[in-house]
2 protein chains.
Amino acid sequence: MTEKQQIIIRTALKLFYRQGIHAVGINEIIQQSGVAKKTLYSYFSGKEALILAALNYRDEIFMGWLSQTMASTNPGQPALLAMFHGLDDWFNNRATALGNFRGCFFINASGEYTDPQTPVHQACKAHKANVHALVLQHTKLVCENQAAALQLADTLCLLKEGAITTAMVQEDPGAAHRLIPLVKTLIQPALCTSAPHIADT
Amino acid sequence: MTEKQQIIIRTALKLFYRQGIHAVGINEIIQQSGVAKKTLYSYFSGKEALILAALNYRDEIFMGWLSQTMASTNPGQPALLAMFHGLDDWFNNRATALGNFRGCFFINASGEYTDPQTPVHQACKAHKANVHALVLQHTKLVCENQAAALQLADTLCLLKEGAITTAMVQEDPGAAHRLIPLVKTLIQPALCTSAPHIADT
DNA sequence: TGCATGGTAGACAAGTCTGTCTACCTCTGT
DNA sequence: ACAGAGGTAGACAGACTTGTCTACCATGCA
């Protein structure tokens, strides 16, 4: 991975995230990168390869930020809560690693590539699986059995997606903060038994 | 609203929803509509006007479907629960009025027009406000005060967004169904007091 | 000194995009 | 019978798209 390659990927991600993937052309990317077109095409076979590289880079950034955010406190319950405080930081542009909030790059990309068969959609799905796996590590510490841990991870991830989407579409940066009382309730160890959610009727 | 106009809007919506907005050209729309290009431009000043018309049409369809779904049972608690059963139908392609599930058209569109100032993004935001207003009508019947009703509507709408996003990106059509126990708990009248969520600590 | 490497700048091909325009056709109402 | 409305088909302009290719330049190494 050369320095030029890094610059191109970083620039592409910035533009794709800000303007949408289809709305950004190769010419704009090379211009903003200060790189010749031939250089770009020597590193990437085409636009799709660059998109996939940008998705991969964003995955690294996001997973790094999230795992660091969750590692800043104790594993389990506090880490899960820290995730939602982290989302609140992100929505209010206090998470510098993630840049200015414009929704989730992977959700946005999926919306442009709705066919699940496309490599882009698959990459987005893979990123969400990475996040889920990280969350699951912590729910396992809170729940008394595997099934309950999985279910809690599902719910928390779904809340996360809902908060991101609400914050973006509705221009509502308080979406994550308002969830914190509910999250606190959900992750109370006593409630994470085999019963699905608090009470299952 | 002439018949031709209707055909153009319906075709545009179908293509935009399936392939993304930027990925669909005017030529494809007129070809699929069986309409001359001049006819399209006699009704719509440009592509953006057509996009806004498609968003407006989708809003009508979705709000019609949702209000009908919620009206098929008793107002309040049962209607709110019916919304999530409706989402489950949608994700599993049993809601014919909404077409084959490809996520939420408005979330997808917002991802392509991330700048909140754009008319497209504003239209998406307005749609979400419409849904929220409908949900609020029912949470008011369940909660004992205005603030609690608003808070419950916020939470349920956020769960809805999370379910749609999860179902789409993760190819997980069970996202809404798994939420039902949690929703049942949240909408229990006794819990919808001034306390934010179940227990607020 | 000479040459390979990796870069720049940008012309170019071939196709697509939006939007305008001409020429024609086919109803409907008077 | 005839005018006007509303439509079709499609050429066209001008800009933009991705991707290839030529010509050139600078640096490091033998």
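Each chain gets a letter, A, B and so on, in the order its sequence line appears, and its residues count up from 1.
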*asked:* Could you tell me how far apart B:Leu50 (CG) and C:dG19 (C1') are, to the nearest whole angstrom?
replied: 13 Å
*For atom CD1 of A:Ile8 and atom C1' of C:dG7, their distance in whole Å*: 11 Å
*So what does A:Phe44 touch, heavy atoms closer than 4.0 Å: a base, only the sugar-phosphate, or nothing?*
nothing
_Nearest-Å distance for atom pair CG/C1', residues B:Asn27 and C:dG15_ = 12 Å
_For B:Ser42 and A:Glu48, find the nucleotide of DNA chain D closest to each by heavy atoms; which residue's nucleotide sits nearer the 5' end?_
B:Ser42
*asked:* Would you call the rings of A:Tyr113 and A:His22 parallel, tilted or perpendicular, taking 30° and 60° as the class edges?
replied: parallel
*asked:* At 4.0 Å (heavy atoms only), tell me whether B:Lys4 reaches a base, stays on the sugar-phosphate, or touches nothing.
replied: sugar-phosphate
_Can you tell me if A:Gln6 has over 12 outside heavy atoms packed within less than 6.0 Å of its CD?_
yes
*Side chains of B:His132 and B:Asp154: donor-acceptor distance under 3.5 Å anywhere?*
yes
_Between C1' of D:dT8 and CD of B:Gln31, the distance in whole Å_ = 14 Å
_Using OP1 and OP2 only, check whether a side-chain N or O of A:Thr39 sits under 4.0 Å from C:dT8._
yes
*Can you check the A:Ile29 CD1 to D:dG19 P distance for me, whole Å?*
11 Å
*Hey, does the side chain of A:Tyr41 come within less than 4.0 Å of C:dG7's phosphate (OP1/OP2), counting only N and O?*
no
*Nearest-angstrom distance from the residue atom CD1 of A:Ile21 to C1' of D:dT18*: 16 Å
*Checking all strands, does A:Lys38 fall into the base, sugar-phosphate, or nothing category for heavy-atom contacts under 4.0 angstrom?*
base
*Once you round it to whole Å, what is the distance between C1' of C:dG15 and CD1 of A:Ile26?*
16 Å
*asked:* Between A:Asp172 and A:Arg178, does any side-chain N to carboxylate O distance fall below 4.0 Å?
replied: yes
*asked:* Please determine whether any donor N or O and acceptor N or O are separated by less than 3.5 Å between the side chain of A:Lys37 and the base of D:dG19.
replied: yes
*When the distance from NZ of B:Lys47 to P of C:dT16 is rounded to whole Å, what number comes out?*
15 Å
_Tell me whether B:Arg18 is salt-bridged to A:Asp115, with the criterion being a basic N under 4.0 Å from an acidic carboxylate O._
no
